[in-house]
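Predicted model, so just to flag it, every value in this text is computed and none were measured.
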Amino acid sequence: MKKRFSLSLPGMASGWLYFYIHFVTEVICFYCLSRAVGDSAFLWIFPLIYDALAFVPHSLIGYLSDKFPKISFGIIGVLMMAFAGLDFGFSILPGRYTALVILCLGNAAVHISGAENTLRISRGRLSHSAVFVSGGSFGVISGRLLAKTFVPHWAVSLLVLTAVPFIILADMYRKESVKDNKDSACTGFNYASDKLPAMLVLLLAVTVVAVRGYMGYGIPTSWNKTIVQNVLLYCAMGIGKASGGILADIFGVKRIAMLSATLALPFLLFGDKVMGVSLIGVMLFSMTMSITLALIVSVLPDTPGLAFGFTTIGLFIGTAPIFFFRFTTVLSNCVVIAVLTVLCLVAMQIIIRKDEKKNA
Amino acid sequence: MPDFKILVNSLLLHLTRTELTVLSVTVAVIIAISLVLAAKEIKKRRDKNA
């Protein structure tokens, strides 16, 4: 058993601070998005533009954040999202999509801030970034539910502003940790195979993210009919993402990546009508999220912001086809899920290094 | 398989041709720049380690 898992205070505190920051970020995004798609003309075009403009620019914003670490992209992002919330409510700026574009860029800036902070402070461990990433699932469902209430846009803008002190505190932890460590690069991330060209590892890891992004929408969940069941589904995703990183720190990255992907398959295929079985599958399925991030950071340890951007590019590539066509029968869905899982397993077997003792 | 002509036409029901072009070009350019930046970073790291 590996001894790399430790609850170092600044690292874990930073992870949990960004759990909340990520949570409120997704609350405002999905609140605004759900309110906007209430207008049937924008039923699917708003989410498509959101996916394109929130997911894809992460890499460029991340690269800027890597090169200019003194700029607080987190605070800039929160202010942009708060303003976008007001713009959605009061139509301050002209243009159909202005508020949406500001919201997307704000979302990307906050995500990058969270990734930079939790990755640089973690010294090669996955749990910190996994906890940060998991906050989003709880935020997505909370934002969607909030959109169905009477809560106005300005109130949600105020809610997102509560993240500012959390970002300041997380930045303080990061500065303290970097001062102790004297190495702000993520050199502790050393999970990718060194037998393959780094660019190939990067492309395969992005492919795994894209495939799993596509699969996420294809999981058969005909049991999911009520609000409570929907909440449970998102909670399972959040718990899966967090526990994936924590378990990978304890038992090893390769073991958890291969086990979670393999075990998820039967639970997903046979959980179409049984909620409990399906939730276990979704939880296991979500575990690889932080592992693919760690693999890309292993290839780009000096630029974790850019590395994080590649995971979101993968998510965009994986989710974009959903807007145009889906497999309509359960059988075809199951076949696709099974084939894609095997592809992911093969890719991960190739790109994750065997000798994890070399990790920091 | 989807008919891409129908897909583009359905997109154009909601977006103008200019909006659709700007969106697609933006996405493609950002992905291309990201790949170039990644290749540059990988090369820099390889040179440093050599």
Side-chain angles (χ1 to χ4, degrees), chain A residues 39-46 48-53 55-64 66-67 95-97 101 104 108 185 187 192 194 197-203 205-206 296 298-310 312-314 316-317 320-321 323-326, chain B:
Chain A
D39 175 356
S40 61
F42 295 117
L43 194 61
W44 60 276
I45 206 75
F46 253 68
L48 175 67
I49 297 174
Y50 174 83
D51 276 9
L53 294 183
F55 288 174
V56 180
H58 271 72
S59 52
L60 291 191
I61 296 174
Y63 190 73
L64 286 175
D66 293 327
K67 297 297 164 189
R96 274 196 302 175
Y97 300 113
V101 172
C104 291
T187 43
D194 48 8
M199 201 61 183
L200 182 63
V201 174
L202 175 70
L203 293 176
V206 171
I296 300 177
S298 304
V299 174
L300 297 165
D302 298 319
T303 49
L306 178 64
F308 185 79
F310 274 101
T312 53
I313 285 177
F316 172 72
I317 294 169
F323 291 98
F324 305 116
F325 82 109
R326 292 171 192 225
Chain B
M1 283 302 285
D3 183 335
F4 283 95
K5 208 170 166 186
I6 295 173
L7 294 182
V8 173
N9 285 340
S10 62
L11 272 171
L12 288 172
L13 285 176
H14 302 288
L15 293 171
T16 64
R17 201 168 280 275
T18 316
E19 285 169 342
L20 183 59
T21 311
V22 169
L23 186 67
S24 333
V25 170
T26 306
V27 167
V29 167
I30 294 176
I31 293 175
I33 294 173
S34 306
L35 284 170
V36 172
L37 289 174
K40 213 176 88 180
E41 287 298 323
I42 289 169
K43 187 176 179 301
K44 209 195 293 180
R45 189 161 179 78
R46 204 174 45 212
D47 293 346
K48 204 165 83 179
N49 289 343

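- Using a 4.5 Å cut-off between heavy atoms, B:K48 contacts chain A through its side chain alone, with no backbone atom that close.
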Handout entry: Test side-chain contact (heavy atoms from CB on, under 4.5 Å) applied to B:L35 and A:M199, step by step
Key = CA-CA 9 Å; B:L35 284 170; A:M199 201 61 183; 3.8 Å; yes

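- A distance of 7.0 Å separates CD in B:E41 from CG in A:L300, rounded to the nearest 0.5 Å.
- In terms of heavy-atom proximity, B:R45 sits nearest to A:V299 at CD-O, 4.5 Å.
- Summarising the local packing, NZ of A:K67 is surrounded by more than 12 heavy atoms from other residues, nucleotides or ligands at distances under 6.0 Å.
- Of the two parts of B:L23, only the side chain, counted from C-beta on, holds a non-hydrogen atom closer than 4.5 Å to a non-hydrogen atom of chain A.
- Contacts of A:F55 with chain B are absent, with no heavy-atom separation under 4.5 Å from either backbone or side chain.
- Nearest heavy atom pair, residue A:A198 against residue B:I42, reads CB-CG2, 3.6 Å.
- Pairing each heavy atom of A:L306 with each of B:S34, the nearest pair is CD1-O, 4.3 Å.
- At least one side-chain heavy atom of B:V27 sits under 4.5 Å from a side-chain heavy atom of A:F316.
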